[in-house]
There are 2 protein chains.
Amino acid sequence: MTPYKELEARFRRIGALEEAEGILHWDMSVIMPKGGAESRAEQLAAMKLTIHGMLTDAALADLLNAAEETPIDDPWQAANLKEMRRRWRHANAVESHLVEALSKASSRCEMVWREARPKSDFAAVSESLSEVLGLVRQKAQTKAKVLGVTPYEALLDQFEPDTRIADIENLFDDLAAYLPEFLDRALACQESAGEPLLPEGPFDLSAQKALAAKLMEHVGFDFDHGRLDISLHPFCGGVPDDVRITTRYEEDDFAQSLMGVLHETGHAMYERGLPADWRLQPVGQARGMALHESQSLLVEMQVCRGMEFLTFAAPLMQAAFDGAGPAWDPTNMQKLQARVERGFIRVDADEVTYPAHVILRYRLERALIAGDMEIADLPAAWNDGMQELLGIVPDSDRVGCLQDIHWFDGAFGYFPTYTMGALAAAQIFQAACAADPAILSGIEKGDFGALMVWLRSNIHGKGSFGTTEEILVEATGAPLGTEAFKSHLESRYLN
Amino acid sequence: MTPYKELEARFRRIGALEEAEGILHWDMSVIMPKGGAESRAEQLAAMKLTIHGMLTDAALADLLNAAEETPIDDPWQAANLKEMRRRWRHANAVESHLVEALSKASSRCEMVWREARPKSDFAAVSESLSEVLGLVRQKAQTKAKVLGVTPYEALLDQFEPDTRIADIENLFDDLAAYLPEFLDRALACQESAGEPLLPEGPFDLSAQKALAAKLMEHVGFDFDHGRLDISLHPFCGGVPDDVRITTRYEEDDFAQSLMGVLHETGHAMYERGLPADWRLQPVGQARGMALHESQSLLVEMQVCRGMEFLTFAAPLMQAAFDGAGPAWDPTNMQKLQARVERGFIRVDADEVTYPAHVILRYRLERALIAGDMEIADLPAAWNDGMQELLGIVPDSDRVGCLQDIHWFDGAFGYFPTYTMGALAAAQIFQAACAADPAILSGIEKGDFGALMVWLRSNIHGKGSFGTTEEILVEATGAPLGTEAFKSHLESRYLN
C-alpha cells in the first residue's frame, strides 16, 4: 500500500468515528434523559480523545511526510492529502489532556445551560462557562503558534479555514456602514405598505409537523436518509447518509418553526450532496461553516421567504391549518415572511438585522478570547452592545447572552460564519438564477430540482476540493463580497 | 501510576467507547432511517476495531503481566484485574480483520433480516446469514484454542463466562425429562379450571404506553435515567445511567406488550443497580447473560404474572382502558397471565414451554457451529425440532426460524442463557422471599422497594465480582439447579 492509500484507510476510520460522534451528539440534544449527561460527557470525551490519539500517532505523521514527497496525479487525492495535513495540524497543536478537559467541560456546561436558559439564570452557568472559556483560550493560544495566526483566527480556522480577521472586518465594516441607514429605509417602506394580516392560530402541532415534512420533500429531503425531530435549539446533525434536522413548534406561530425547518433543510441538502465517492475522507466533507450556512440561508432566505416559493406554498399552508381569509394570500404571506424588526433573538432575526447580532457576538468573543473581558462582564457588555448596534436592550439574559448554545458548547469563532454565509447565499443564488432560468420557474411550482442540480454540481459536490474562495470564484465569478447581498436586500425590502 | 491504575485508566476509556457503541446500537434499532444502514455499519465496525486495537495493544499486555505480578489487597481491584484479563484473552484470540468483517456482516444481515422477517422470506436473508455463520465459526475455532474449550463453549463464554456444555446438558436433560409430562398436567389443570375471560379491546396505544410507564415506575425505573421506546424486537439497551427499553404495542392485546415491558424493566433495574463506584470498569459490568435474564424473568415471571402483583395491578389496567366486567378481576387476570400453550413464538411463550424453544435453538446452533448443518437446512431442521419438542410445526418461517434477531446479528451461544436465567430467577426469588417477608407484602401494594433493596445488595451491586456460581451460592445457598424452578411451576400451574 502506498503511504497515501494507508492514509486513506486511517482517515476513513477517523471519519467513521466522527460520524458516530455526530449521532451521539444528536442523541444528547434530542433523546437523552437528563440523568445520562455525565456518562454521555465521558463517552464523547473518550471518542474525541481516541480520534485525537489517531491524529497524533507518530506513524500518521510519517505517512503524511512520505505521501507529500510522492507526486500525486489525481487532483482529488491531492486535495484530500492537503485536507489531511490540515486536520493533522489542528490536532497536533493541542495536547490530549486539553482535548479531554474541553470535551468534558463543554458537555457539562451545555447541560447546565439547558437548565439555566429557561430560568434566565446566568449565575447558574457562569462558572461552567468560565471553565470552558479558560480551556478555549489555551487551545486558541496553542493553535495560534502552530498556524502562525492570532489566537482568534486559530479558532476561526476550525470552522471556516483560512479566514483572517482583516477579511471579516472588511465585510463587517462595509455592512456596519450600510445597514443602519438601510434598516431605517426598509422600516419606513414597510410602514408605508401597511401591516400584513396575521393568520389566526392555534396551529395544531401535528399539522405543523406534516406540513414541514411535505415542504422538506419539495426541497429534496429524502426521509429514507434523514429525520425531523424536536430539540431546544434547532440544528442539523447526523451524517450525510442519515441527516437529522430538528425544530421546535409553537402553537401560536407556525411560520417561525417552518422557516427554521427549511433553513435546516438547506444544511441537510448540502450534507446529502457531498461527494459520495469521498465519504469519510477529509476532502469529502463540508468545506466550512460559511459555505454550510450559505446553503441554509439560500433555501430559507433567498428562496422560501421569496414571492415565487410562497406563491406555491401559501395554499399548502392554508390547507394544512384549514385557514380562511386574505391573511393566507401569497402576497400577504410573503410580507409576513419578510418582516423587518429590531429584536433580541438572533435565530428569529430577519436578514436585515441579523448582521448586527453577529457583529455583537464577534466583538464579544474576540474580547473574551483576547482576555480583555471575563464571563462575569458578559451580560452587561451584551446589553451595551445591543443598545449600540440595534438600539434595544433585552430585559433578561434568557433573550440576551443565554440565548445561543455556541459558547456554552465551547464554540468560539463560529458566529462570523453566519453573516459570511448570508453574503455567500445571495451571491450563489444570484449566479444560479443567472445560469439557469428554470430554477426560479421551478420554485414557483414547488420544484427545487433545477436548483439542486446546479447546487450539487457547483457547491455540494465539491466537498472540500479547493478553498471556499476558489469554490465561490468558480461558481459565481467573484470572491465573497457584499454586492449581491445588498442588491437582494434592496429588491426585497425597498419595493 | 501503578500498572493496575494505568490499566484502570485504559479500561475506563474502553468502557466509555463501549457505552457509545451501545447508544449507536439502540439508535439503529429505534431511530435510524433505513438509508443510514451502510454508514452505521461502518461506524460500528470502526468502534469495534478501535476497541479491539486498544485491547490488543502490546503495552496493555505488558501492563496486565506487570499488574498480575504485584500483590493487590483490595478484593474488588483483584476481581477487576481478573476481568481485564478475561477481556484481553477474548480480544487477543481474534484478529482485527475478522472483528471488522463480522461487525459489518452482522450489521448488514440484521438490516436484511428486518425486511425479510415480515415477508417470511428466508431465501432473502440466507446468503447474509451464511456469511455471518462462516465468520462466527472462524471466531469460535480461534477462541476455542486460546481458551482451551470447544468452539461452541468459546461462544458461550462470551455471554455467560465459564459455562460448559456438560453443565447445560445436565440442566437441559433434567428439564427435558420433567417438562413434557408436567406440560400435560398443567394443560389438564388449566382445562378443568375453565377458560379465563378476555378483556375486550381495542386498547388505545397511548393508554398502553402510559400504563407501561406507570408500572415501570412502580418496579423502580427512573425516567431521569432511561427511556421507553418502540422497536421491532423489544430489548434493553443504552447504558447504566441511561437505560433504554423498547417494546411494540398491539391494539388488540395490551398484556403482551405490558409483560414485555416489565421483563425489560427487570433487565434495566439490573443495569441501573450495577456498582456505581466501578462504572466503566470490567468488574462493574453485568456478570453474564444468565444472571441478566434472571433479573428480567424474576420481575416478569416470578412477580408480575403472580397473584400478589396482579391484585395490585389489575385495577390499574382496568382504569387505564375504562374496562368493565369480571374479565378485569385480579384472579381472572392472573389466570390470563399464566396461560400455558404450545406456541411458535419464543418471546410469547409461557414459562412451561419456553425451555423447549431454547433447547431447539441450542441444538441447532451447536450443529451449525460444529459444521454439522448449513444455513440452507435451517428451516426444515427448525420445523422438525418443533415437531419433536412441542408437537407443533410453524406454517411459515416468519413464526419459525426468522423470528429471533440473535443469529442474524451474529449472536450464537446466547440462547441457553434464557433458560439458565429462568432457573436462576426462581432460585433467587425463592431466596429473597425467604430472607425478607416484606418483599411479597410490598408487591401486593405495588411497592418493589424491599425486593430491589435485596436484589441490589445480593445481585445487582455485585457486578462481575465473583463468578455467577459464587454470586448464586452466596445469595441462595446453592449453585444453579432446577428445584426452585420446578417448585415454582408446580405451585403456579397445578393449583
Side-chain angles (χ1 to χ4, degrees), chain A residues 9-28 30-51 53-54 57 96 100 103-104 221-229 238-244 271-272 276 279-280, chain B residues 9-28 30-51 53-54 57 96 100 103-104 221-229 238-244 271-272 276 279-280:
Chain A
R10 285 176 178 241
F11 274 92
R12 185 168 185 87
R13 172 104 65 103
I14 291 169
L17 293 178
E18 286 172 337
E19 285 204 348
E21 216 187 331
I23 299 294
L24 291 168
H25 238 283
W26 175 89
D27 180 277
M28 185 165 91
V30 179
I31 292 284
M32 187 186 77
K34 67 179 178 186
E38 280 287 327
S39 62
R40 181 60 49 87
E42 179 108 19
Q43 293 154 23
L44 287 170
M47 297 288 293
K48 272 210 172 24
L49 260 164
T50 301
I51 292 166
M54 291 162 81
D57 182 1
S96 62
E100 184 177 14
S103 168
K104 283 189 184 173
F221 191 91
D222 175 359
F223 279 96
D224 275 351
H225 284 282
R227 293 178 53 93
L228 167 64
D229 294 276
V239 304
D241 290 323
D242 177 6
V243 203
R244 300 178 178 191
E271 287 289 317
R272 274 299 289 149
R279 209 62 104 215
L280 300 181
Chain B
R10 286 175 176 241
F11 274 92
R12 186 169 185 85
R13 172 104 65 102
I14 291 168
L17 293 177
E18 286 172 336
E19 285 203 348
E21 216 187 332
I23 299 294
L24 290 168
H25 238 283
W26 175 89
D27 181 276
M28 184 165 90
V30 178
I31 291 286
M32 188 185 78
K34 68 180 177 185
E38 279 288 327
S39 61
R40 182 60 49 85
E42 179 107 20
Q43 294 154 23
L44 287 171
M47 297 288 293
K48 272 211 173 22
L49 261 164
T50 301
I51 293 166
M54 292 164 81
D57 181 1
S96 62
E100 185 177 12
S103 168
K104 284 189 183 171
F221 191 91
D222 175 0
F223 278 95
D224 275 350
H225 285 281
R227 294 179 52 93
L228 167 63
D229 294 277
V239 305
D241 291 323
D242 178 5
V243 202
R244 301 179 177 191
E271 287 290 316
R272 274 299 290 150
R279 206 66 100 217
L280 300 181

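- Annotation: maximal heavy-atom pairing with chain B below 4.5 Å, among A:Ala16, A:Gly15, A:Gly53, A:Gly238, occurs at A:Ala16.
- At a threshold of 4.0 Å, the pair B:Asp27-A:Arg244 counts as salt-bridged, since one of the basic side-chain nitrogens sits closer than that to a carboxylate oxygen.
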Margin query: Does A:Gln43 form a side-chain contact (heavy atoms from CB on, under 4.5 Å) with B:Ile23? I'd like the steps, not just the answer.
Written below: CA-CA 10 Å; A:Gln43 293 154 23; B:Ile23 299 294; 4.1 Å; yes

Next item on the list: Take B:His225 and A:Lys34 through the test side-chain contact (heavy atoms from CB on, under 4.5 Å) and record every step on the way to the result.
Entry: CA-CA 7 Å; B:His225 285 281; A:Lys34 67 179 178 186; over 6 Å; no

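- Each of A:Asp241, A:Ile14, A:Ile31 has some count of heavy-atom pairs under 4.5 Å with chain B, and the biggest count is that of A:Ile31.
- In summary, A:Arg40 and B:Glu19 do not engage in a salt bridge, as defined by a charged side-chain N under 4.0 Å from a carboxylate O.
- Interface check for chain B: of the options A:Leu44, A:Asp242, A:Asp222, the most heavy-atom pairs under 4.5 Å are formed by A:Asp242.
- Interface summary for chain A: among B:Ala37, B:Pro240, B:Ser39, the most heavy-atom pairs under 4.5 angstrom belong to B:Ser39.
- A:Glu38 CD: 12 or fewer foreign heavy atoms inside a 6.0 Å radius.
- With respect to the salt-bridge test (charged N to carboxylate O, under 4.0 angstrom), the residues B:Arg279 and A:Glu42 do not qualify.
- Side chain of A:Arg227 to main chain of B:Met32: no donor-acceptor pair is present (N/O by atom type, distance under 3.5 Å, no hydrogens or angles).
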